[in-house]
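Proteins get letters first, then strands, A, B, ... in listed order; numbering begins at 1 in each.
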Amino acid sequence: MDLARRHGWDLTPTQAVALQRRLAAEVVADRALDLDAVRLVAGVDVSVKNDRSHAAIVVATFPDFRVVETVTALMPTPFPYVPGLLSFREGPVLEEAFGRLEAEPDVFLFDGMGTAHPRRIGIASHMGLWLQRPTIGVGKTRLCGRNAPLDEEKGAHQPLVDKGETIGAVVRTRTGKHPLFISPGHLADIPSSVALVLACAPKYRLPEPIRLAHKAAGAFV
DNA sequence: GCGACAG
DNA sequence: ATCTTGTCGC
C-alpha cells in the first residue's frame, strides 16, 4: 500500500528487516490471475557492474512475446547483497525504471523470490506493493523451503514448503534441466503463477520476458 | 553453536 | 550477481 511507495531505501539491515515485517502483512498471495485476460507481461532484471546497478524492464505481448516497450535505469549500487534483503539492493534502481514505464503490463516477472522468502516478502512481493500490480517471483535457486523430488519432464512441479507453510512451487520448465522456484509476488496465487511461468517458457528454461530483460540490462552468460 | 543463504 | 575458455553432451 502507501507505505511501500513512501518509505525510503536508506536503511540499515536491521531496519530493513523491521520494514519487511510490516509490509509482509499487506501482501496478497491468494488471488488467482486470469491468464485469459493477460495481454502484456513485463520481465524485470538488474545487473551489477563496477558498483553500478543497471535495471531493465521489457514489456512483451502474451502469449507471443513481441517487445512493446523497454526502459532502463542506472545508478550506484546502494546496498550490499544480503540473502533475504535483495529488494533493498535492487529496489532503488527499479523504482527509477518503473517511473519511466508507459505501458501497463498485466503482470511483472521478477528475477528472485515472491513469498518464497523467510519473511514472505521477496523482491517480487515488495515491488508488487510499490506497483500495486500483479507480480510473480522467478528464482533460479532456492532461498528457503523444501520440496519432494521432482519428475524430470517439463511441466512437472512440487509444492515448496517452509515451516509447514506452502510458499511457492518448484517447477521444471525444461525436461532434464534444473527447476525454477516460483512464488506469487503480490495479487497472484501459486497455481496461476506456475501456469503463467510455464506459458512464458515455451523454449528456454527462463521465461521469455526475463530473458529479454537480462539482455537489456547488460547481463550475459 | 552449526548450517543455509534469491541476485 | 560477477570473474572467464574451452569443452562435454544432446
Side-chain angles (χ1 to χ4, degrees), chain A residues 9 13-14 16-17 19-20 23-24 27 29 43-58 72-97 108-130 135-147 152-154 160-163 165 167-186 188 190 193-194 197 203-207 209-221:
Chain A
W9 294 104
T14 299
V17 169
L19 175 59
Q20 287 185 323
L23 292 178
V27 174
V44 181
D45 187 51
V46 175
S47 69
V48 178
K49 297 181 187 290
N50 300 315
D51 301 315
R52 300 287 291 179
S53 287
H54 197 171
I57 302 171
V58 177
T72 61
L74 185 64
M75 69 167 63
T77 304
F79 198 87
Y81 170 68
V82 180
L85 299 179
L86 183 63
S87 58
F88 295 88
R89 178 177 175 79
E90 304 189 344
V93 72
L94 285 179
E95 279 191 357
E96 184 77 29
F108 293 75
L109 265 38
F110 287 77
D111 221 317
M113 305 306 181
T115 56
H117 176 284
R119 290 170 291 283
R120 313 294 182 252
I121 181 164
I123 190 167
S125 300
H126 196 153
M127 294 301 104
L129 288 176
W130 192 87
T135 59
I136 294 173
V138 180
K140 295 183 291 296
T141 61
R142 177 194 318 274
L143 172 59
C144 66
R146 308 192 35 162
N147 63 276
E152 292 298 314
E153 292 69 40
K154 173 198 319 179
L160 180 60
V161 181
D162 183 46
K163 297 174 179 172
E165 182 182 358
I167 57 177
V170 181
V171 183
R172 192 90 69 182
T173 52
R174 297 296 292 163
T175 298
K177 296 209 137 193
H178 290 324
L180 256 25
F181 295 78
I182 307 303
S183 56
H186 183 49
I190 296 174
S193 291
V194 169
V197 168
K203 187 172 167 62
Y204 299 99
R205 182 172 82 117
L206 291 178
I210 289 185
R211 296 185 72 250
L212 294 167
H214 259 291
K215 296 180 183 180
F220 304 96
V221 177

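The side chain of A:D111 has B:dG7 as its nearest neighbour among B:dG7, C:dT2, B:dA6. Between C:dT2, B:dC5, B:dG7, one nucleotide has an atom nearer to the side chain of A:S47 than all others, and that is C:dT2. When distances are taken from the side chain of A:R142 to each of B:dC5, B:dA6, B:dG7, the shortest belongs to B:dC5.
Below 30°, between 30° and 60°, or above 60°: for A:F88 and A:W9 the angle between ring planes is above 60°, a perpendicular geometry.
In this structure, the CG atom of A:L94 is 14 Å from the P atom of C:dA1, given to the nearest Å. In this entry the distance linking CG of A:D51 with C1' of C:dT2 reads 12 Å, nearest Å. A:H117 has its NE2 atom 11 Å from the P atom of B:dA6, to the nearest Å. A:K49 places its NZ atom 16 Å from the P atom of B:dG7, with the value rounded to the nearest Å. One interatomic measurement links the two molecules: NZ of A:K163 to P of B:dA4, which rounds to 16 Å at whole-angstrom precision. Distance A:E152 CD to C:dC10 P: 13 Å, rounded to the nearest Å.
Residue A:G122 is in base contact, counting any heavy-atom pair closer than 4.0 Å across all strands shown. Across all strands shown, A:G137 has no heavy atoms under 4.0 Å from either base or sugar-phosphate atoms. At the heavy-atom level, A:L85 lies under 4.0 Å from base atoms of the strands shown.
Checked options A:R120, A:R146, A:H117; the residue passing with A:D162 is A:R120 (criterion: side-chain hydrogen bond (donor to acceptor under 3.5 Å, both in side chains)).
For the pair A:Y81 and C:dA1, the ring geometry does not qualify as stacking, because the centroid separation below 5.5 Å and plane angle under 30° are not jointly satisfied.
A:K140 has no side-chain polar atom (N or O) that falls below the 4.0 Å cut-off from OP1 or OP2 of B:dA6. For B:dG7, the OP1/OP2 oxygens have a side-chain nitrogen or oxygen of A:T141 closer than 4.0 Å.
Rounding to the nearest 0.5 angstrom, the gap separating the CG atom in A:D111 from the CD atom in A:E90 is 7.5 Å. One finds the CG atom of A:L86 at 9.5 Å from the CG atom of A:L143 (value rounded to the nearest 0.5 Å). Rounded to the nearest 0.5 Å, atoms CG (A:L206) and OG1 (A:T173) are 7.0 Å apart.
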